[in-house]
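For reference, the structure discussed in these notes is given below.
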There are 2 protein chains.
Amino acid sequence: MSPSSPSTPSPGPLSLEQQICYAMHTTVRAFDAVYRELLAEHGLSYPQYIALMGIAEHGPLTVSRLGELMRLDSGTLSPLLKRMEAAGLVGRTRDPEDERRVLVSATSTGHERIAALRELPQQIAARSGLSREQMLALHETLRTVTDRLDAHS
Amino acid sequence: MSPSSPSTPSPGPLSLEQQICYAMHTTVRAFDAVYRELLAEHGLSYPQYIALMGIAEHGPLTVSRLGELMRLDSGTLSPLLKRMEAAGLVGRTRDPEDERRVLVSATSTGHERIAALRELPQQIAARSGLSREQMLALHETLRTVTDRLDAHS
DNA sequence: GGCAATTAAGTTGTGCGCAATTTGATAGTA
DNA sequence: TACTATCAAATTGCGCACAACTTAATTGCC
């Protein structure tokens, strides 16, 4: 009987290389390295780049709203935003409407930094070697997976 | 002119949600949460699970070999392996052939832990909601992307 | 043999990430 | 009004990750 037969769903312990978590882990490491390289000269880390993009695009927003966007909590965002504030990229002010909230917005320096990175997505796309169709397919698959994983919890 | 016309490759700064790095970041966060939940009762973190799989499968191997497999350096692996040794999951011994090297191997407890996690890949696959074909396609795409990203450096 | 160059792990410092807790502000209710 | 509950952000503690450096062992070359 073939090991891929439908009647043998678990043909022994799955090898590491066959597991999706391993593939994801490996790909993320590779992406990380490339972003690190391309962002270094702009003084941004990969999470900072995503945060700055989100802040610049979605206007002044609260820490928890940014947290929903990035799937990160205040334990991660608070120190990250303080570092970005110290770097002059974002401003943080208490919301006068509700002093519990902190509104984060991009400074002009922050906007300039994002503008200077206008070409980054294309650079990454080029390095990834995926066609536009493959890129869209991957994007769609990632969105589907994320939604499904979320649905369970 | 349509914004997706071939003659307009960069129709203004790309929105965060359209960027592949954002999709990857989001998906990884979602996967992380699920692995964290399923591995908690086994006393393993996600990186420890991958490391233990690799060690159990690829026999006694050096720290640097494991580093190639996981794309991590000694700065990450040394403390991680020490924690796993303290937990009784792996053994570390200097290679008598070359005292610079440290050979890492899974203890019987480590093998048992992996055996107890035999069903994890299926559980993850089920939660991800991808068909076998979609899973294989995603896997293939990830491998391709990783290879291409590596090729550039 | 002696000695510089290389190699393998480990250490230090900084940043990202989460769980659990704390601080401070708002909302609700007696 | 006062008291409790809830909510937002920050803090603490621990683990993962990399860059840069250190330590110790091996190799290569004289």
Side-chain angles (χ1 to χ4, degrees), chain A residues 21 24-26 28-37 39-40 43-52 60-68 70-87 89-90 92-104 153, chain B residues 21 24-40 43-52 60-68 70-87 89-90 92-104 153:
Chain A
C21 66
M24 286 288 294
H25 171 86
T26 302
V28 167
R29 296 263 68 69
F31 263 114
D32 249 27
V34 175
Y35 275 99
R36 187 181 303 273
E37 178 191 337
L39 290 171
L44 288 176
S45 71
Y46 181 57
Q48 285 174 11
Y49 168 66
I50 293 179
L52 188 53
L61 77 179
T62 64
V63 173
S64 42
R65 180 73 197 95
L66 180 60
E68 292 169 14
M70 294 185 64
R71 307 181 69 104
L72 297 173
D73 67 7
S74 66
T76 300
L77 288 177
S78 287
L80 184 146
L81 291 171
K82 283 180 77 172
R83 282 188 291 269
M84 290 179 71
E85 183 182 37
L89 298 169
V90 302
R92 289 156 67 246
T93 53
R94 288 277 164 189
D95 183 351
E97 302 281 310
D98 184 341
E99 292 279 339
R100 288 173 300 184
R101 293 198 271 261
V102 167
L103 293 175
V104 187
S153 60
Chain B
C21 66
M24 285 289 294
H25 171 86
T26 302
T27 305
V28 166
R29 295 265 66 71
F31 263 114
D32 249 26
V34 175
Y35 276 99
R36 186 181 303 272
E37 179 190 337
L38 297 179
L39 290 172
L44 287 175
S45 71
Y46 181 57
Q48 285 174 10
Y49 168 66
I50 294 180
L52 188 54
L61 76 178
T62 63
V63 173
S64 43
R65 181 72 195 95
L66 180 61
E68 291 169 14
M70 295 184 64
R71 307 181 69 107
L72 297 173
D73 67 7
S74 67
T76 300
L77 288 176
S78 287
L80 184 145
L81 292 171
K82 284 180 76 171
R83 282 187 291 270
M84 291 179 70
E85 184 183 36
L89 299 170
V90 301
R92 287 156 69 245
T93 53
R94 287 279 164 189
D95 183 351
E97 302 280 309
D98 185 339
E99 292 278 341
R100 285 174 304 183
R101 292 199 272 259
V102 167
L103 294 174
V104 187
S153 60

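Proteins come first, then strands; the chains are lettered A, B, ... in the order of their sequence lines, and each starts at number 1.
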Check your understanding: Is a donor-acceptor contact shorter than 3.5 angstrom present between the side chain of S45(A) and the base of dG15(C)?
Key -> no
Original post:
Do Y35(A) and C21(B) come close enough that some side-chain heavy atom pair is under 4.5 Å?
Top reply: yes
Which of dA8(C), dG17(C), dC18(D) is nearest the side chain of R29(A)? It is dC18(D)
(Q) Under 4.0 Å, heavy atoms only, any strand: does S78(B) hit a base, just the sugar-phosphate, or nothing? (A) base
When rounded to whole Å, the CZ to C1' distance for the pair R101(B) and dT26(D) reads 10 Å
Quick note, D73(A) side chain, CB onward, closest among dA17(D), dA9(D), dA19(C) is dA19(C)
Here the distance between atom P of dA9(C) and atom CZ of R92(B), to the nearest Å, is 10 Å
Whole-Å distance, Y49(B) OH to dG15(D) P, equals 21 Å
Rounded to whole Å, CG of L39(A) lies from P of dA17(D) at a distance of 19 Å
Report which part of the nucleic acid L77(A) touches: base, sugar-phosphate, or nothing (heavy-atom distance under 4.0 Å, all strands). nothing
What one should report as the nearest heavy-atom pair of L89(A) and L52(A) is O-CD1, 4.1 Å
message: Under 4.0 Å from OP1 or OP2 of dA9(D): is there any side-chain N or O of K82(A) that close?
response: no
Quick note, P79(B) side chain, CB onward, closest among dT11(C), dA19(C), dA10(D) is dT11(C)
In terms of side-chain geometry, is the basic nitrogen of E85(B) or R92(B) positioned less than 4.0 Å from the acidic oxygen of its partner? yes
Between CG of L72(A) and P of dA10(D) the distance, given in whole Å, is 14 Å
From CZ of R94(A) across to P of dT23(C) the rounded distance in Å is 15 Å
For P47(A) and M70(A), the nearest pair of non-hydrogen atoms, with its separation, is O-CE, 3.7 Å
note: R36(B), atom CZ; dA20(C), atom P; distance rounded to Å ~ 11 Å
Notebook entry, point to check: Any side-chain N or O of S64(A) less than 4.0 Å from the OP1 or OP2 oxygen of dA9(D)?
Noted result: yes
### Message
Any base atoms under 4.0 Å from R65(B), or only sugar-phosphate, or nothing? Heavy atoms, all strands.
### Response
nothing
V90(A) and L81(A) have their tightest heavy-atom pair at CG2-O, 3.9 Å
Note: for V63(B) and D32(B) on DNA chain C, the residue whose nearest nucleotide lies more 5' is V63(B)
Here the distance between atom C1' of dA9(D) and atom CE of M84(A), to the nearest Å, is 17 Å
Regarding the side chain of T76(A), the nearest nucleotide among dC18(D), dG17(C), dA9(C) is dG17(C)
Taking dA25(D), dA9(D), dG17(C) as options, the one with an atom nearest any side-chain atom of R100(B) is dA25(D)
D98(A) has its side chain closest, among dT26(C), dC18(C), dA9(D), to dT26(C)
